[in-house]
Chemist: 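One structure coming up, written as structure tokens, with questions to follow.
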2 protein chains.
Amino acid sequence: MELEQNIKIAVDAIVFGYSENSLNVLLIKQKYGVLKNQWALVGGFIKDNETIINAVNRELKEETGIKVNYLEQLYTFGDDLDRDPRFRVISVAYFALVNSTKLILKADSDAEDAKWFSFAELPKLAFDHDIILKTAHQRLQNKLTYQPIGFDLLPKEFLFSELENLYCTILDKEIDRRNFRKKILSFGIVEETEKFGNKKNGRPAKLFKFNKLKYNKLTKEGFLFDINFA
Amino acid sequence: MELEQNIKIAVDAIVFGYSENSLNVLLIKQKYGVLKNQWALVGGFIKDNETIINAVNRELKEETGIKVNYLEQLYTFGDDLDRDPRFRVISVAYFALVNSTKLILKADSDAEDAKWFSFAELPKLAFDHDIILKTAHQRLQNKLTYQPIGFDLLPKEFLFSELENLYCTILDKEIDRRNFRKKILSFGIVEETEKFGNKKNGRPAKLFKFNKLKYNKLTKEGFLFDINFA
DNA sequence: TTAATATGCGTAAAGTTTACGCAAAAATAA
DNA sequence: TTATTTTTGCGTAAACTTTACGCATATTAA
């Protein structure tokens, strides 16, 4: 088989974070090169001898220094035939969740700048990154309703009201607090701690934690987390 | 940015068909080349100036001559670093449904042979194609429960019992005929025709057809087809 | 002390799923 | 012809889930 292919293959990571009722996205701005001064997703070209996921983890480490909580392949984008003038690029996009946007981002290097943006107020993005982000957001919304990935966006211990607000914010939907609590507790994947959160006023609330062991057990049994509510 | 990347990018298509209570998969056997005498998925390398989906459609046409009813991206496989001795290959897999396995496959060419196999009795496959097929089968099972793609595996007009059998076969699950019919009819996406199917014995059954217009309308409204049943 | 705010428990009505009974229409066998 | 078998198609009651919402409790602010 003759093969003179001139396509390069890259990875991009959509990193979501959540803090103070806001869904955030991690973007970088390159100081040199094709992307100079444009905000873009974390990403880069795959090396000949690394797996795709290793390329994503390497780029995340190199460009931002963060450690993600959840990572899955999203979609492969390759319809934009001339995004780069030198050659065609096909990009495998990954979808990542981190449990704090307070994580120390790699100190501004000479090469680039990393920053959290609210999903509601994104800057103009390089290439087709706006489309990729929209796809990632839809996946996040869908996945949230049948897999408890919301916990990967929260600290180890959290208030029920924080979890509830996360669902409200991401799904852009009103939720009945009492029914939400009942349903989440019925899965048996969160448990109370002895500690209390320090809210300004109102009755103090217990901190809860996610029970990953129980979650893995239920998942293996094929249990479905149908998280729908009014 | 320096870039000396030596990875080639390919597409593979998992084509599912259904006939006589059997889920089938379309495979090809190449007579020459790296794949000589091994059964493999339809696929090939992407050309520099075609979109990924165009590459899939071109390969389907060239290698089998069939026209598919449904096509969506499945996953990008790229962890097998030395599947081809000449260079690394990353493959974007697509998932396809056709409404008849009686479609005329491209006449055995000098280069290859195309054939339908029952999903239950697959031959040994080239590369990591067994893993890809397993992933595709899981996607088919999942998708069947929340999107009415079963119709894309049946002829334009079908018996309710055929639809029911399709669900039983693919989901590998008992279904209560009466509850199944009630639920599918409640969506309003199938309608009776005046015609009857010709079964050997028993009460003759009406032929039904899928109402795509109604389906598109409901889909736009965000309606969910929750096809679960006992 | 009173008002405001947020937590946490409970319960009834509405809706959905499950389980299953049975009549009708045809082919086949007796 | 008549009974038997097969498959279709309609209906209904019990079990379960979701929705809607009332209200006591624990704290801070005024």
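Keep in mind the model is a prediction, meaning the values are calculated, not measured. Throughout, a chain's letter reflects where its sequence line sits, starting with A, and its residues are numbered from 1.
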Chemist: Might you confirm whether atom CG of A:Asn37 has over 12 heavy atoms from other residues, nucleotides or ligands at distances under 6.0 Å?
Modeler: yes

Chemist: Please name all residues satisfying salt bridge (charged side-chain N to carboxylate O under 4.0 Å, His left out) with B:Lys173, sequence neighbours left out, ordered by chain then number.
Modeler: none

Chemist: What residues, two or more places apart in sequence or in another chain, satisfy ring-ring contact (aromatic ring centres under 6.0 Å, His included) together with B:Phe180?
Modeler: B:Tyr167, B:Phe229

Chemist: Over how many whole Å does the gap from B:Asn179 atom CG to D:dA14 atom P extend?
Modeler: 16 Å

Chemist: Ignoring hydrogens and geometry, is there a side-chain-to-backbone donor-acceptor pair from A:Lys195 to A:Phe208 under 3.5 Å?
Modeler: no

Chemist: Output the rounded distance in Å from CD1 (A:Ile175) to P (D:dC21).
Modeler: 17 Å

Chemist: Go through residues 161-173 of chain B and report each residue with a non-hydrogen atom lying under 4.0 Å from DNA chain C, sorted by number.
Modeler: none

Chemist: CG of B:Asp176 versus P of D:dG11: gap in Å, rounded?
Modeler: 16 Å

Chemist: Using the side chain to side chain donor-acceptor pair (under 3.5 Å) criterion, which residues pair with A:Thr51? Sequence neighbours excluded.
Modeler: A:Asn54

Chemist: Among residues 180-189 of chain B, which ones have heavy-atom contacts with DNA chain D below 4.0 Å?
Modeler: B:Arg181, B:Lys182

Chemist: Report the residues that fulfil ring-ring contact (aromatic ring centres under 6.0 Å, His included) with A:Tyr70, sequence neighbours left out, ordered by chain and then residue number.
Modeler: none

Chemist: Write down the distance between CG (B:Asn228) and P (C:dG15), rounded to a whole number of angstrom.
Modeler: 21 Å

Chemist: Restricting to side chain to side chain donor-acceptor pair (under 3.5 Å), what partner residues turn up for B:Gln138, sequence neighbours left out?
Modeler: none

Chemist: What integer distance in Å separates A:Asp226:CG from D:dT17:P?
Modeler: 11 Å

Chemist: For a quick check of understanding: with a heavy-atom distance under 4.0 Å over all strands, which category does B:Phe160 fall into, base, sugar-phosphate or nothing?
Modeler: nothing

Chemist: With sequence neighbours left out, write down each residue that passes ring-ring contact (aromatic ring centres under 6.0 Å, His included) with B:Phe119, or none if nothing qualifies.
Modeler: B:His137

Chemist: With sequence neighbours excluded, tell me which residues meet side chain to side chain donor-acceptor pair (under 3.5 Å) with B:Asp79.
Modeler: none

Chemist: Quick one: which residue pairs count as a side-chain hydrogen bond (donor to acceptor under 3.5 Å, both in side chains) with a foot in residues 121-132 of chain A, not counting sequence neighbours?
Modeler: A:Arg83-A:Asp128

Chemist: The criterion is ring-ring contact (aromatic ring centres under 6.0 Å, His included); which residues satisfy it with B:Phe151, sequence neighbours excluded?
Modeler: B:Phe158, B:Phe210

Chemist: Treating primed atoms plus P, OP1 and OP2 as sugar-phosphate and everything else as base, which nucleotides of nucleotides 23-30 of chain D get B, S or - for protein heavy atoms under 4.0 Å?
Modeler: B-BBBS--

Chemist: Find the distance B:Ile227:CD1 to C:dT17:P and express it as a whole number of Å.
Modeler: 12 Å

